[in-house]
Number of protein chains: 2
Amino acid sequence: MPASKRDQLLATAEQLFYEEGFHATGIDRIVAAAGVVRMTLYNHFASKEALVAAVLATRHERFMASLDTATASAVPGQVTRALVDAHGRWLEDHSPHGCIMVKAMGEFAEHSTEIHALAVAAKADLLARLEASLARDGLDHQDGLARQLFMVLEGSNTAVALQGTQTALADTQALTDTLLSVAQGKTE
Amino acid sequence: MPASKRDQLLATAEQLFYEEGFHATGIDRIVAAAGVVRMTLYNHFASKEALVAAVLATRHERFMASLDTATASAVPGQVTRALVDAHGRWLEDHSPHGCIMVKAMGEFAEHSTEIHALAVAAKADLLARLEASLARDGLDHQDGLARQLFMVLEGSNTAVALQGTQTALADTQALTDTLLSVAQGKTE
DNA sequence: CTTTATATAGACCGATCCATCTATATACGG
DNA sequence: CCGTATATAGATGGATCGGTCTATATAAAG
């Protein structure tokens, strides 16, 4: 079946919001690009803010699903590496110009508590996945290791945007390996 | 002497842009908050885009000066640590909600090549400072170490915004120490 | 055939956007 | 004292903003 108008709007809005910014993208631009009429948007979403929230929520779902798929089949000792690799593939495929949640936090911190909270929750989800992965790798004893790896992934977002996937993802992997090796050493 | 109108405008615009976003902050808001009339702004800046560029440029100057001051007096072997600490103090004092350059890249990538280039250049300056610091510490042999530390600092920006300075800066320091210790070990 | 849901076309609203204009006022330096 | 620079006050411009409205059209489900 063809994508519903609602899905067309979500996909179009996601692309425009990500590439051109939230406030800089008007409703008219979105409906025109989606090949849909103005009222159709307001039939599916109560407001622009609701549309933004829906875009972020659905994108985050896909992001989490891709991480979970990648780690599900990983063997113990390689779960965290699999997670970091999956994160890198996401950047490569869907997020080469910075993280949409970070952008949303920057644009809506003072304008929408709902959207800001949604972005913060998304980051908390990522940190939780790191903690779970470390646990499966037997590395959950080190206080702060999950947060340190989280910091690396956040930096990787910006590094990819500035230096390209080739360099940035190689650096991310090397950095992660160093951290995990040190952590492994402290265990034995 | 009291701050010039131009400086008042720069300071006010910097605060509003940083806290509320660039596109979300209108000219009227800025002039009202600065206690200045509309034409005064256009007497000093050709356009809103020029104002944004001036804000980013002056802020970046201050940022670089604070880094250089901190590293100038550092003893060899502690220069990079001093740089990372100075970066942390900057986040604490002036940038607790994310990096303004990252925000600018997100909002202007598709709208102003001048502003985008300015932000990219600012990030290149930071990376260059890391390379110079590592050289003074005798750690410039390790390929990619500067970029890895850069990645950590970029992640630190977001981590501070999400977890607060207390936790995030402690994690940043621990992470940096690990990386520098490993690099030091590889030298001997 | 008729009901219900969804989409279209397009006018309309007040608000705000960035930018420009003229005319007046203030203040400092030669 | 006079000229230049800077600031003020306030109107004005066209464009776009997010959001609402009505009337019409389509199509599937009863």
Side-chain angles (χ1 to χ4, degrees), chain A residues 1-56 103-104 106-116 118, chain B residues 1-56 103-104 106-116 118:
Chain A
M1 57 178 166
S4 71
K5 302 285 181 182
R6 190 175 189 278
D7 290 342
Q8 289 178 38
L9 280 166
L10 280 175
T12 303
E14 179 176 341
Q15 183 197 334
L16 288 173
F17 286 152
Y18 180 65
E19 290 174 1
E20 314 209 359
F22 297 94
H23 285 90
T25 302
I27 296 290
D28 294 306
R29 277 286 309 271
I30 297 170
V31 296
V36 150
V37 98
R38 194 175 187 71
M39 271 308 296
T40 301
L41 187 152
Y42 283 100
N43 186 20
H44 289 291
F45 305 97
S47 63
K48 183 183 180 182
E49 185 181 350
L51 174 63
V52 171
V55 164
L56 294 182
K103 297 186 187 201
E107 287 203 41
F108 291 105
E110 300 290 315
H111 297 284
S112 167
T113 55
E114 177 195 355
I115 293 176
H116 186 260
L118 204 154
Chain B
M1 57 177 167
S4 71
K5 301 285 181 182
R6 190 174 189 276
D7 290 343
Q8 289 179 37
L9 280 166
L10 280 175
T12 304
E14 179 177 339
Q15 183 198 334
L16 288 173
F17 286 152
Y18 180 66
E19 290 176 0
E20 314 209 359
F22 297 94
H23 285 90
T25 302
I27 295 291
D28 293 308
R29 276 287 308 268
I30 297 171
V31 296
V36 150
V37 99
R38 192 174 188 73
M39 270 307 295
T40 301
L41 188 153
Y42 283 101
N43 186 21
H44 289 291
F45 305 96
S47 63
K48 183 184 179 181
E49 184 181 350
L51 174 63
V52 171
V55 164
L56 294 182
K103 296 187 187 201
E107 287 202 41
F108 291 105
E110 300 289 315
H111 297 284
S112 167
T113 56
E114 178 196 355
I115 293 176
H116 186 259
L118 204 154

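Each chain gets a letter, A, B and so on, in the order the sequences are listed, and its residues count up from 1.
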Could you state the atom-to-atom distance from CG of Asp28(A) to P of dT20(D) in whole Å?
14 Å
Round to a whole Å and report the spacing from NE2 of His23(B) to P of dG18(D).
12 Å
Between atom CD1 in Ile27(B) and atom C1' in dT12(D), what is the gap in whole Å?
17 Å
Side-chain N or O of Thr40(B) versus OP1/OP2 of dT8(D): is the shortest distance under 4.0 Å?
yes
For Ser112(A), the side chain to side chain contact (heavy atoms under 4.5 Å, CB included) test, sequence neighbours excluded, returns Glu49(A), Phe108(A), Glu114(A), Ile115(A)
Closest approach of Lys48(B) and Thr25(B), non-hydrogen atoms and distance?
NZ-O, 2.9 Å
Determine whether a donor-acceptor pair (N or O, by modelled atom type, separation under 3.5 Å) exists between the side chain of His116(A) and the backbone of Glu110(A).
no
State, yes or no, whether a side-chain contact exists between Leu10(A) and Arg6(A) at a heavy-atom distance under 4.5 Å.
yes
Starting at atom NZ of Lys48(B), determine the distance to atom C1' of dA15(D), rounded to an integer number of angstrom.
15 Å
Between atom OH in Tyr42(A) and atom P in dA9(C), what is the gap in whole Å?
18 Å
Mind checking His44(B) for me? I need base, sugar-phosphate or nothing, with any heavy atom below 4.0 Å counting as a touch.
sugar-phosphate
Please state how far atom CG in Leu41(B) lies from atom P in dT6(D), giving the value in whole angstrom units.
15 Å
Any side-chain N or O of Lys5(B) less than 4.0 Å from the OP1 or OP2 oxygen of dA7(D)?
no
Among dT20(D), dA9(C), dA7(D), the one nearest any side-chain atom of Asn43(B) is dA7(D)
How do Val36(B) and Glu49(A) order along DNA chain D: which one's closest nucleotide is nearer the 5' end?
Val36(B)
Going by modelled atom types, is there a donor-acceptor pair between the base of dA9(D) and the side chain of Arg38(B) at under 3.5 Å?
no
If you look at every heavy atom in Arg38(B) and Val31(B), which pair is closest and at what distance?
CA-CG1, 4.0 Å
From CE of Met39(A) across to C1' of dC12(C) the rounded distance in Å is 13 Å
Nearest-Å distance, CG (Leu16(B)) to C1' (dC18(C))?
16 Å
Can you check whether Ser47(A) has a side-chain N or O nearer than 4.0 Å to OP1 or OP2 of dG18(D)?
no
